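Quick note: numbers below take in every heavy atom, side chains included, and nothing from hydrogens, waters or symmetry partners. Computed from a predicted model, the values in this text were never measured in an experiment.
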Amino acid sequence: MMKTLLFIFLLCSSLKAEYKIIENENIFKVKIKNSIFEENLVNLKNQINFESFMTIYEIDVAKATNETAIALNKKGVLEKGVNLGICKSTFALQMLEENYNNINFCPLSLSIYQNKNATIYISFKKYKPLNKNEKNANKINESLKDLIIKSLD
C-alpha cells in the first residue's frame, strides 16, 4: 500500500505542465495541458505582484456567462475563467506620455480560462499604439508575455 502511494506521489510530482504559445497580431495565448487551473491562477497572481503590477479587478467570467446560459436554456462555454485587470504606474505613465488617449488601455487585461476539455489558456489582447510614432507597444506586450511565461515556471 505504501509503495503504491509513494509511486503515485512520485508520478504526480514529476508531471510538468506542457504549454504551447499561440500568437498572432491581436492576441498572445498560452495553451496549457497537464495542469490545474487554480494553481495557474495563483501562480499568475503571484507573478503579477512580483513584477510590481497591481490587480485592479478580478471578474469570474465563466461563472457569469454560465449563469446566463442556464437562464437562456443554453450550455456554458467555459468550465472556469477569470479576467484580471492589471496596471503598473510606470507603464501607464509611459502610455499616457505618448498619447493621452491611451488611457483606454488602462488597466491592461489578462485572461485565464479552462474549456470543457480541461485545457487551460492564459492570454491577453495585444496593446496596439494609437499613432504610428508610439514606441511603447512592443515593450508592454513583451513584458506581459514574459509575465505569463514566468508564471508557468
Side-chain angles (χ1 to χ4, degrees), residues 12-71 74-153:
C12 290
S13 65
S14 67
L15 291 177
K16 183 165 166 88
E18 301 171 28
Y19 65 86
K20 177 183 176 185
I21 294 172
I22 303 164
E23 182 174 14
N24 64 36
E25 66 185 39
N26 297 313
I27 196 166
F28 176 84
K29 177 170 54 175
V30 178
K31 180 179 180 180
I32 309 163
K33 292 188 175 188
N34 298 330
S35 194
I36 298 169
F37 178 84
E38 290 77 11
E39 285 181 16
N40 283 282
L41 178 59
V42 167
N43 291 341
L44 182 61
K45 287 179 179 182
N46 286 341
Q47 192 64 37
I48 288 167
N49 290 332
F50 182 76
E51 303 224 2
S52 301
F53 283 89
M54 288 180 48
T55 301
I56 308 302
Y57 64 81
E58 179 176 334
I59 302 172
D60 189 337
V61 177
K63 180 181 177 187
T65 58
N66 288 337
E67 288 173 357
T68 302
I70 290 169
K74 295 183 175 187
K75 291 183 181 179
V77 177
L78 297 174
E79 191 72 27
K80 300 173 184 178
V82 173
N83 282 352
L84 299 169
I86 64 171
C87 189
K88 189 173 194 174
S89 57
T90 55
F91 278 179
L93 177 60
Q94 291 169 2
M95 292 164 62
L96 293 171
E97 284 175 336
E98 280 191 330
N99 184 339
Y100 56 83
N101 292 308
N102 282 332
I103 194 169
N104 291 295
F105 291 103
C106 286
L108 301 164
S109 181
L110 297 176
S111 299
I112 177 168
Y113 46 101
Q114 178 178 315
N115 64 16
K116 302 289 181 180
N117 298 327
T119 302
I120 300 167
Y121 298 89
I122 303 176
S123 67
F124 71 91
K125 186 169 61 171
K126 289 185 178 176
Y127 166 65
K128 294 187 178 191
L130 296 174
N131 294 320
K132 61 184 174 185
N133 59 344
E134 293 179 28
K135 298 177 177 131
N136 283 316
N138 285 338
K139 179 181 174 186
I140 292 167
N141 290 330
E142 290 303 316
S143 292
L144 293 175
K145 288 178 194 181
D146 188 54
L147 185 150
I148 290 171
I149 299 302
K150 284 180 179 176
S151 79
L152 299 171
D153 292 338

So do Y57 and S109 actually touch side chain to side chain, heavy atoms under 4.5 Å? yes

Whether over 12 other heavy atoms sit under 6.0 Å from K126 NZ: yes

Going through the distances and angles, do K139 and E142 end up as a salt bridge (charged side-chain N to carboxylate O under 4.0 Å, His left out)? CA-CA 5 Å; K139 179 181 174 186; E142 290 303 316; over 6 Å; no

Between OG on residue S143 and CG on residue N136, distance to nearest 0.5 Å: 9.5 Å

Does any part of the side chain of F50, heavy atoms only, come nearer than 4.5 Å to the side chain of K150, both counted from C-beta? no

Residues F37 and G81: closest non-hydrogen pair is CZ-N, 4.1 Å

Can you tell me how far the OH atom of Y19 sits from the CG atom of N40, to the nearest 0.5 Å? 11.5 Å

Hey, can you tell me if Y121 and Y113 have their rings parallel, tilted or perpendicular (30° and 60° cut-offs)? parallel

Do I112 and L110 make a side-chain contact, defined as non-hydrogen atoms from C-beta onward lying under 4.5 Å apart? no

Which atom of S151 lies closest to which atom of I122, heavy atoms considered: OG-CD1, 4.3 Å

K75 atom NZ, neighbour heavy-atom count above 12 within 6.0 Å: no

Over 12 foreign heavy atoms within 6.0 Å of CD1, I103: no

Pair K31, T119 - check side-chain contact (heavy atoms from CB on, under 4.5 Å), show working. CA-CA 7 Å; K31 180 179 180 180; T119 302; 3.6 Å; yes

Determine, stepwise, if the pair F105 / I140 fulfils side-chain contact (heavy atoms from CB on, under 4.5 Å). CA-CA 11 Å; F105 291 103; I140 292 167; over 6 Å; no

Using only atom types and a distance under 3.5 Å, with no angle test, would you say the side chain of N115 pairs donor to acceptor with the backbone of N117? yes

Evaluate I21 against F28 for side-chain contact (heavy atoms from CB on, under 4.5 Å), listing each step before the verdict. CA-CA 8 Å; I21 294 172; F28 176 84; 3.4 Å; yes

Minimal heavy-atom distance between K145 and F124, with the atoms involved, is N-CE2, 3.8 Å

Is any side-chain heavy atom of L44 closer than 4.5 Å to a side-chain heavy atom of L147? yes

Testing the 3.5 Å rule here: is there a donor-acceptor pair between the side chains of K29 and N24? no

T65 side chain to V61 main-chain N or O, any donor-acceptor pair under 3.5 Å? yes

Between atom CG of N141 and atom CD1 of I27, what is the distance when rounded to the nearest 0.5 Å? 11.5 Å

Non-hydrogen side-chain atoms of E58 and V82 separated by less than 4.5 Å: yes

Quick one: does N66's side chain have a donor or acceptor within less than 3.5 Å of a partner on L78's backbone? yes

Test item: N83 side-chain N/O and I59 main-chain N/O as donor-acceptor pair under 3.5 Å: no

Does one side chain, of E134 or N102, offer a donor that lies under 3.5 Å from an acceptor on the other? yes

Give a yes or no on this: more than 12 heavy atoms of other residues, nucleotides or ligands lie within 6.0 Å of atom NZ of K128. yes

As an exercise, state the distance from CG of L144 to CG of L108, rounded to the nearest 0.5 Å. 5.5 Å

Taken to the nearest 0.5 Å, the spacing of S89 OG from L96 CG works out to 11.0 Å

Where the side chain of Q47 meets the backbone of I148, is there a donor-acceptor pair that is under 3.5 Å apart? no

Worked check of salt bridge (charged side-chain N to carboxylate O under 4.0 Å, His left out) between E38 and K80: CA-CA 9 Å; E38 290 77 11; K80 300 173 184 178; 2.6 Å; yes

Under a plain distance cut-off of 3.5 Å, with no hydrogens placed, do N101 and N99 share a side-chain donor-acceptor pair? yes

Heavy-atom pair with the smallest gap, counting every atom of A92 and C106: CB-SG, 3.8 Å

Quick check for you: to the nearest 0.5 Å, what is the distance between N43 atom CG and K45 atom NZ? 11.5 Å

